[in-house]
Amino acid sequence: MKIVVFGALNAGKTTFLERASKKKLSVKGSYEGMTTSLDFTRLDYNGETVYLFTTPGHRRFDFMWEVLANGMRGAILLIDSTVGITEVDREIGGLIESKGVPYVVAVNKSDLANLSLDMVREGLGISAKVPVIPTSAICGNGVDEVLHRLMELKNERRGTE
Amino acid sequence: MKEDIEELLRNLKEKTWGDILGVAVVRPDGTVMASALPREIGEKRFAAMALVVLGTANRVCDELGAGNMVQAIIDGSKMKAILMSAGEKALLAVLASKDANVKSALSEMKRASTEVKKVMAKY
Ligand SMILES: Nc1nc2c(ncn2[C@@H]2O[C@H](COP(=O)(O)OP(=O)(O)OP(=O)(O)O)[C@@H](O)[C@H]2O)c(=O)[nH]1
Ligand SMILES: [Mg+2]
């Protein structure tokens, strides 16, 4: 199953992926810390193989958002809580919504800033059904919860289909 | 440095007798260092896409244990794109006509990429 981590430049997508997979990525598609192609890892979630991708955050590579969204079964939108909600976040949120897949919003760098989850919800204009979870990709807080909630959503949906 | 590289790109286009329609030298962050592209090609977009493709191809080689990536060739029904790295700090991206002689384009590109490396090392 394919899951894609989206988010603005520097939000912590690559760090999140490393934390979620509990290993350092052997090869990263990056240059001086900025992702310039994609990151990819495989992990096992209760016997299900999850293919986790991250997108580059820089606008220059925005065509990759659409490319990577192709065939995804779930998404994670990472917000940089030291920056707040920006136009890029809203645009990516709209892209994910348009794909109709379950997704979770992770309010990252929660170790540095305390962004109100209601404000995130309001800023993105998302329904109450979308989980918004504070995370710290550096410390690890919330990372497993994000994956867990996403898998739950996906399985709920599978149940009603 | 930009001028030196632009000169290099003009030479490359001339030597290949119309096979090469456009060239760009792209920095590892996806920005354009120098280019000589047809007007209808957006150079920023082309550069970013070239970097993504080459980066991903590199990744594939690594994952498969296919060794070092030499070049990536995209064969379109109307045009080709040929991408190769030019040292650590640049990549060379070429747009070629659909009937281009790939072998000779590649050998000219290799020469050009060595030149680009030399120019970059000077600065
Ligand atoms: N304090 C803190 N720093 C973080 C956290 N997550 C990521 N960072 C730092 O933020 C910087 C950017 O992290 P990356 O994971 O490279 O961000 P990214 O979203 O992949 O960036 P792009 O791919 O270039 O868009 C790095 O210096 C990370 O160490 C976090 O939860 N807390
Ligand atoms: Mg990244």
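Residue numbers begin at 1 in each chain, while the letters A, B, ... track the order of the sequences. Computation of the quantities below employed the complete heavy-atom set of this structure, encompassing side-chain atoms and omitting hydrogens, waters and symmetry-equivalent molecules.
- At most 12 non-hydrogen atoms from other residues, nucleotides or ligands lie less than 6.0 angstrom from CG of B:Asn68.
- The environment of CZ in B:Arg27 is crowded: more than 12 heavy-atom neighbours from other residues, nucleotides or ligands sit within 6.0 Å.
- Considering only heavy atoms from C-beta on, A:Met34 comes within 4.5 Å of B:Asp29 through its side chain.
- Between A:Arg42 and B:Glu63 a salt bridge is recorded (basic side-chain N to carboxylate O distance below 4.0 Å).
- Ranked by non-hydrogen atom pairs under 4.5 Å with chain A, the options B:Pro28, B:Gly30, B:Gly55 are led by B:Pro28.
- Residues of residues 60-70 of chain A lying within less than 4.5 angstrom of chain B, judged on heavy atoms, are A:Arg60, A:Phe61, A:Asp62, A:Phe63, A:Met64 in numerical order.
- The neighbour count for A:Glu152 CD, taken as heavy atoms of other residues, nucleotides or ligands under 6.0 Å away, is above 12.
- Counting heavy-atom neighbours within 6.0 Å of B:Lys44 NZ, excluding the residue itself, gives a total of 12 or less.
- The number of heavy atoms from other shown groups lying within 6.0 Å of CE (A:Met1) is above 12.
- The hydrophobic clustering, which links ILVMFWY residues whose side-chain heavy atoms are closer than 4.5 Å, places A:Val105 and A:Val83 apart.
- Taking both residues in full, the closest heavy atoms of B:Val52 and A:Ser37 are given as O-CB, 3.8 Å, listed atom of the first, atom of the second, then distance.
- Other residues, nucleotides and ligands place no more than 12 heavy atoms under 6.0 Å from the NZ atom of B:Lys89.
- Judged as a side chain to side chain contact (heavy atoms under 4.5 Å, CB included), and not counting sequence neighbours, the contacts of A:Lys2 are A:Val4, A:Phe53, A:Met72.
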